[in-house]
2 protein chains.
Amino acid sequence: MIPSPDRRFVILAEGMFGGDASKTARGVIKYSSIPTIAVIDSTKAGRTVGDVIGAIASGGHVDIPIVATLGEALAMIPRPTTLVIGVAPAGGKLSPAWRSTIQQALDDGLDVVNGLHMFLSDDPEFTAAAARSGARIYDFRRPPERMEVASGREHLPGRKVILTVGTDCASGKMGVSLELARAAREAGLTASMAPTGQTGMMIEGWGVAIDRVAADFIQGTVEWLTEQAEQRGEWVIVEGQGSLDHFAYSSVTLALIHGARPHGMVMVHQAGREAHHAFEHCGRLAKLRSLEQHIEAHEVIAALVEPSRVIAIALNTSFYPDDAEARRIIAETEARTGLPTDDPYRFGPGPLFSRIRTAVEAVA
Amino acid sequence: MIPSPDRRFVILAEGMFGGDASKTARGVIKYSSIPTIAVIDSTKAGRTVGDVIGAIASGGHVDIPIVATLGEALAMIPRPTTLVIGVAPAGGKLSPAWRSTIQQALDDGLDVVNGLHMFLSDDPEFTAAAARSGARIYDFRRPPERMEVASGREHLPGRKVILTVGTDCASGKMGVSLELARAAREAGLTASMAPTGQTGMMIEGWGVAIDRVAADFIQGTVEWLTEQAEQRGEWVIVEGQGSLDHFAYSSVTLALIHGARPHGMVMVHQAGREAHHAFEHCGRLAKLRSLEQHIEAHEVIAALVEPSRVIAIALNTSFYPDDAEARRIIAETEARTGLPTDDPYRFGPGPLFSRIRTAVEAVA
């Protein structure tokens, strides 16, 4: 989708790098095959990516500098070729304060990769600047022209389809999906992650940001993404979105369950989180339901179309810096739920994938 | 939304009037305050609306003629002022064969009301014709500019919010919603139906076709429609869509449950239906789940955000022409589920609304 040779990213994350809102920035830094050479955040200028998010979240890319302005990044040799909009605020609206930075990037010939609901290529000033300099604008949330309801297709023979689900947004479903696909490849299998959000698309180079698809076609679009992923490998990990108990986003989660019709679901949960990220002010409605209630609801809902079980729990233990404590929480969760449990992002995905493989091969 | 004085509808339902695909036509004929004076369907020309759909489905408007062409309708005195596109095929695509009829209507100065996913006002030929004649095009499925995720707002004090849900598409949720709102008004209460689909919008004159809203905003849009309906009356009936066990549309259904957060749900089921309407070819995936499985799933899913019970069953008994048999099926269903059950469309909504009122007032 984005031609990658000789491409270098600078990520705009002004005022937010390292926080929950910068998950796009962190995902691209850790997982993209295209190198990030600078992050723009004037509130953290002079520090490095490793200083702010550490070695695990940066995938070892700890030395990337954080700069105050796009101008500083453009003075680097070699200089960046592409500006990535690296935050995704609730509702996806573009901050007006960022317009001048985007304008400067396009004036200077940098491509711009945008995952916001607001499409930069609908903006006459941006398209005029891009036309003058030859820069390209990639609006990754623009829905495909294809508008098809789900057909009820069957999986290709021999394919194993796993869906990551979760107890909240921004809990680590994309990272777990990428790690499980990597583990499958390391086990000698062919595997593909089906990207369903803008960050996954930036990393994998294809996919659809399904939250922008018209509701009538979202399950058809998930089915189509699953089909494409099945053509790319025997093991398919469909990237989950949102959570079934989220009053704002639950329908996107359900569309994934019924559109992908997975052979098994992997439940991602951030240990210690009690309220929905960015909705903490919503009182009782923000409260995360228990893992047990989530597991029951996912299986009841899946069975309305095609039975599917939660076969493993991927705990995000990032709230617990001590490794021993993290391992204790993992063991407790496994004992409580009876499901294989690990933090594949922190401790490596191999062991959990091996147990997931056994569970899926028993039903697929 | 459509100015109604001196407006008269002609409904385009070519080849499909009376079938499942013509539910828009039937809904508008029965419930709109704007009179329908002709239906276009050359395969049934010469018959009347009553001949084809009977007195119940036409709301007593049995004498409306069915004609072969728009030209015949235009020869009537007084002539129609507005062409309604009266079918909504799966996926919502406009049949190419209908273009010339629409073009003729616009050339002749008739407004056109369209509920398809394809927007007529995006078509240069149609907009040019409308500009020449002064006709207006109403694309009722065009989503609102507003793009807001759900906020978690509380219901206004004293409001009672009911959501119709169902075991399938096209099972009668809109009709039940309209009938329950009518029964509330007849009981001396203020009531409003919140239209969530194009037919309901044509009838009530406001609303949003939520299946065309971008998935990220569908729950926020349902919340906003519920808020508007609460400002119109004490009793709110939110029009349901789809069904939770439908592999193509279940996420729209879930968005209604979590977006409206109703005080109670009324389950609409077409007695005798075993496979999802228009998806009968999909084998096991088309099979309707049992009422019991539906009730459990709806309550499990609602409780993930806010507890809500299924408080009544509205049976669509249209497969059973004999009244005594219909009443027997209603009684059996009530005995089996323990829930107040009736066919409010066929036998009048008063008795069922009265029992629903008792159940809702116990929790709201």
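Side chains are part of it too, since the values below use all heavy atoms of this structure and drop only hydrogens, waters and symmetry mates. No experiment lies behind these values; they were computed from the predicted model shown.
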A/Glu154 versus chain B, heavy atoms under 4.5 Å apart: side chain, backbone, both or neither? side chain
Among B/Val213, B/Val222, B/Val252, which has the most heavy-atom pairs under 4.5 Å with chain A? B/Val213
State, with a plain yes or no, whether a side-chain heavy atom of B/His258 is found less than 4.5 Å away from one of A/Leu254. no
Side chain from CB out, backbone as N, CA, C, O: work out which of these in A/Ile301 comes under 4.5 Å of a heavy atom of chain B, or both, or neither. side chain
Answer with side chain, backbone, both or neither: which region of B/Ser151 has an atom nearer than 4.5 Å to a non-hydrogen atom of chain A? backbone
Given heavy-atom pairs under 4.5 angstrom as the criterion, report whether the side chain, backbone, both or neither of A/Arg289 touches chain B. side chain
Identify which part of B/Ile218 has an atom lying under 4.5 Å from any heavy atom of chain A, answering side chain, backbone, both or neither. side chain
Among B/Ala297, B/Ser250, B/Cys282, B/Gly283, residue most engaged with chain A (heavy-atom pairs, under 4.5 Å): B/Ser250
What one should report as the nearest heavy-atom pair of A/Ala248 and B/Val149 is CB-CB, 4.4 Å
Would you say the side chain of B/Met147 lies within less than 4.5 Å of the side chain of A/Arg212, judging by non-hydrogen atoms? yes
Atom CZ of B/Arg309 with >12 non-hydrogen neighbours under 6.0 angstrom: no
Considering only heavy atoms and a distance below 4.5 Å, find which of B/Val300, B/Leu244, B/Leu256, B/Ile257 pairs most often with chain A. B/Leu244
Under a 4.5 Å heavy-atom cutoff, which of B/Lys287, B/Arg284, B/Gln293 has the most pairs with chain A? B/Arg284
Value for CG (B/Leu304) from CZ (A/Phe247), rounded to nearest 0.5 Å, stands at 14.0 Å
Side chain, backbone, both or neither of B/Arg261 within contact of chain A (heavy atoms, under 4.5 Å): side chain
Go through the atoms of A/Leu288 and report whether side chain, backbone, both or neither lie under 4.5 Å from a heavy atom of chain B. neither
In terms of heavy-atom pairs under 4.5 Å with chain A, which of B/Ala303, B/Ser251, B/Ala214 leads? B/Ser251
Step through the shown structure and confirm whether more than 12 heavy atoms of other residues, nucleotides or ligands are within 6.0 Å of CD on A/Glu292. yes
